[in-house]
Amino acid sequence: MRIALGVEYDGTDFLGWQRLDRGRTVQGVLEQALSFVANTPVAVTCAGRTDAGVHGRCNVVHFEPPVERADRSWLLGTNSRLPDDVCVRWIQRVPTDFHARFSARARRYRYSLLNRKVRPALDARYVAWLREPLDAARMQAAAQHFLGEHDFNAFRTVACQAPNPVRTVHALEVRRDGDYLHFDIQANAFLHHMVRNIVGSLLLVGQGERAPEWIGEVLRGRDRNLAGPTAPSQGLTFLCPLYPAQWQLPAEVTGAELVA
């Protein structure tokens, strides 16, 4: 058996998900905690690697348990060794052919932004901020150009190592909640900086600097230089990956209607 975990973290003080030779990472502290419980080294594989400053609501990982421990021991023991900005939300045993990354059929992100004249205080770690007024309806109209299968070469960083820039966006909604704007996006997979570059481009539309139709032109141009700037990292949260129902994972990571 393998073990799957749902992991939540505040990415503010991390250099990202992936373990590095130097510096604090989410994978690094999680593996240290699991290794303490196992009393032997443990390595994990995640559904999605997030960048420095990006948060995770429920990233899913799997690992091969090198020793037998009760599920309660894995859960409570690991959490007892994790810092305050990371926790394991749930644990579930899964078949050996389950893979946190490759078994996922979709992923969901949310980008949150405070749109008012003064900067945030309480939410400063979790939202981006823009003082200029934004038109959510214009951005929602522009967002429809992203739906479906496209070459997203214009919306990934030049350092992206993915061999294929084609991705399928299932849904993209821009909505306002008072002074806050939320960008909810779901796709089969994402490229490096893809969500933040999409948001940065939509903000140009929301400010009236570009027409909604401009997004389609950028997509067809397939050139990163044509798109907008990369939105700040603190506004981005990886909500969850989505898996077929066959894996019997918690409901928050199961999306049968879109991942069958």
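In this structure, the side chains of Q92 and P250 come closer than 4.5 Å at one or more pairs of heavy atoms. Counting only heavy atoms from C-beta outward, the side chains of L130 and L181 never approach each other to under 4.5 Å. Two residues are said to be in side-chain contact when any heavy atoms from C-beta on lie closer than 4.5 Å; L134 and Q207 meet this criterion. At a threshold of 4.5 Å between non-hydrogen side-chain atoms, the residues L219 and F152 count as touching. Contact of the V61 side chain with the Q27 side chain is not registered, since no non-hydrogen atoms from C-beta on lie closer than 4.5 Å. Looking at heavy atoms from C-beta onward, V42 lies out of side-chain contact with L30 at the 4.5 angstrom threshold. Taking 4.5 Å as the limit, some side-chain heavy atom of P66 sits within range of a side-chain heavy atom of T40. Side chains of N197 and T230 form a contact here, defined as non-hydrogen atoms less than 4.5 Å apart.
Residues M194 and W17 do not share a hydrophobic cluster, clusters being chains of Ile/Leu/Val/Met/Phe/Trp/Tyr side chains in contact below 4.5 Å. Under the 4.5 Å side-chain heavy-atom criterion for Ile, Leu, Val, Met, Phe, Trp and Tyr, V253 and V26 are members of distinct hydrophobic clusters. Hydrophobic clustering (side-chain heavy atoms under 4.5 Å, transitive across Ile, Leu, Val, Met, Phe, Trp, Tyr) groups V44 together with V37. Hydrophobic clustering, with ILVMFWY side chains joined whenever heavy atoms are under 4.5 angstrom apart, keeps L239 apart from L249. V54 and V86 end up in different hydrophobic clusters when Ile, Leu, Val, Met, Phe, Trp and Tyr side chains are linked at under 4.5 Å.
For Q248, the CD atom counts as loosely surrounded, since its 6.0 Å shell holds 12 or fewer non-hydrogen atoms of other residues, nucleotides or ligands. Environment of CZ in R119: sparse, with no more than 12 heavy atoms of neighbouring residues, nucleotides or ligands closer than 6.0 Å. Summarising the local packing, CZ of R116 is surrounded by more than 12 heavy atoms from other residues, nucleotides or ligands at distances under 6.0 Å. The number of heavy-atom neighbours closer than 6.0 Å to CG of D223, taken from other residues, nucleotides and ligands shown, is above 12.
Remark: N79 CG to D84 CG distance equals 11.0 Å, nearest 0.5 Å. One distance of note links CZ of F183 with CZ of R175; it measures 11.0 Å at 0.5 Å rounding. The structure places CG of L114 at 6.0 Å from CG of D179, a figure rounded to the nearest 0.5 Å. To the nearest 0.5 angstrom, Q186 atom CD is 13.5 Å from R105 atom CZ. Taken from CZ in R69 to CD1 in I91, the straight-line distance is 12.0 Å, to the nearest 0.5 Å. A distance of 10.5 Å separates CG of L76 from CG of D71, quoted to the nearest 0.5 Å.
Partners of D21 by side-chain hydrogen bond (donor to acceptor under 3.5 Å, both in side chains), not counting sequence neighbours: none found. Among residues two or more places apart in sequence or in another chain, the side-chain hydrogen bond (donor to acceptor under 3.5 Å, both in side chains) test is passed with H182 by S112. Scanning for side-chain hydrogen bond (donor to acceptor under 3.5 Å, both in side chains) contacts around N153 gives R156, with sequence neighbours left out.
Contact record, Q234 with A128: NE2-CA, 4.0 Å, taken as the closest heavy-atom pair. Closest approach of A106 to H170, counting heavy atoms only: CB-CE1, 3.8 Å. Taking all atoms of both residues into account, the shortest heavy-atom contact from S35 to E31 is OG-O, 2.7 Å.
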(request) For side-chain contact (heavy atoms from CB on, under 4.5 Å), just list the numbers for V199 and L236, CA-CA rounded to whole Å, side-chain angles, deciding distance to a tenth of an Å, and then say yes or no. (result) CA-CA 10 Å; V199 172; L236 185 59; over 6 Å; no
(request) Please step through side-chain contact (heavy atoms from CB on, under 4.5 Å) for the pair R108 and D184, ending with a clear verdict. (result) CA-CA 7 Å; R108 288 176 175 166; D184 289 319; over 6 Å; no
(request) Just do the side-chain contact (heavy atoms from CB on, under 4.5 Å) check on L202 and F146 with the steps written out, would you? (result) CA-CA 11 Å; L202 288 175; F146 290 114; 4.0 Å; yes
(message) Go through it in stages, so that I can follow the logic: the residues are R107 and R101, the test is side-chain contact (heavy atoms from CB on, under 4.5 Å), and I'd like the CA-CA distance, side-chain angles, deciding distance and then a yes or no.
(response) CA-CA 10 Å; R107 289 141 177 95; R101 178 184 174 190; 3.9 Å; yes
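With salt bridges taken as basic N to acidic carboxylate O contacts below 4.0 Å, none links E252 and R57. Looking at D13 and R24, no side-chain N of the basic residue comes within less than 4.0 Å of a carboxylate O on the acidic one, giving no salt bridge.
Screening residues 18-38 for ring-ring contact (aromatic ring centres under 6.0 Å, His included) gives no qualifying pairs among residues at least two apart or on separate chains. Among residue pairs with one or both ends in residues 84-141, those qualifying as ring-ring contact (aromatic ring centres under 6.0 Å, His included) are H55-Y126, H62-H99, F98-Y243, F98-W247, H99-F102, Y109-F190, Y109-F238; sequence neighbours excluded.
Ring-plane geometry between F14 and Y9 is classed as perpendicular, the angle between the planes exceeding 60 degrees on a 0 to 90 degree scale with a lower cut at 30.
In this structure, the side chain of Q140 engages the main chain of V174 through a donor-acceptor pair within 3.5 Å. Between the side chain of N188 and the backbone N or O of T168, at least one donor-acceptor pair lies under 3.5 Å. With T254 contributing its side chain and A251 its backbone, the two residues share no donor-acceptor pair below 3.5 Å.
Grouping Ile, Leu, Val, Met, Phe, Trp and Tyr residues whose side-chain heavy atoms lie under 4.5 Å apart, directly or via other members, places L20 in a hydrophobic cluster with L15.
Neither side chain, R196 nor T157, offers a donor N or O lying under 3.5 Å from an acceptor on the other.
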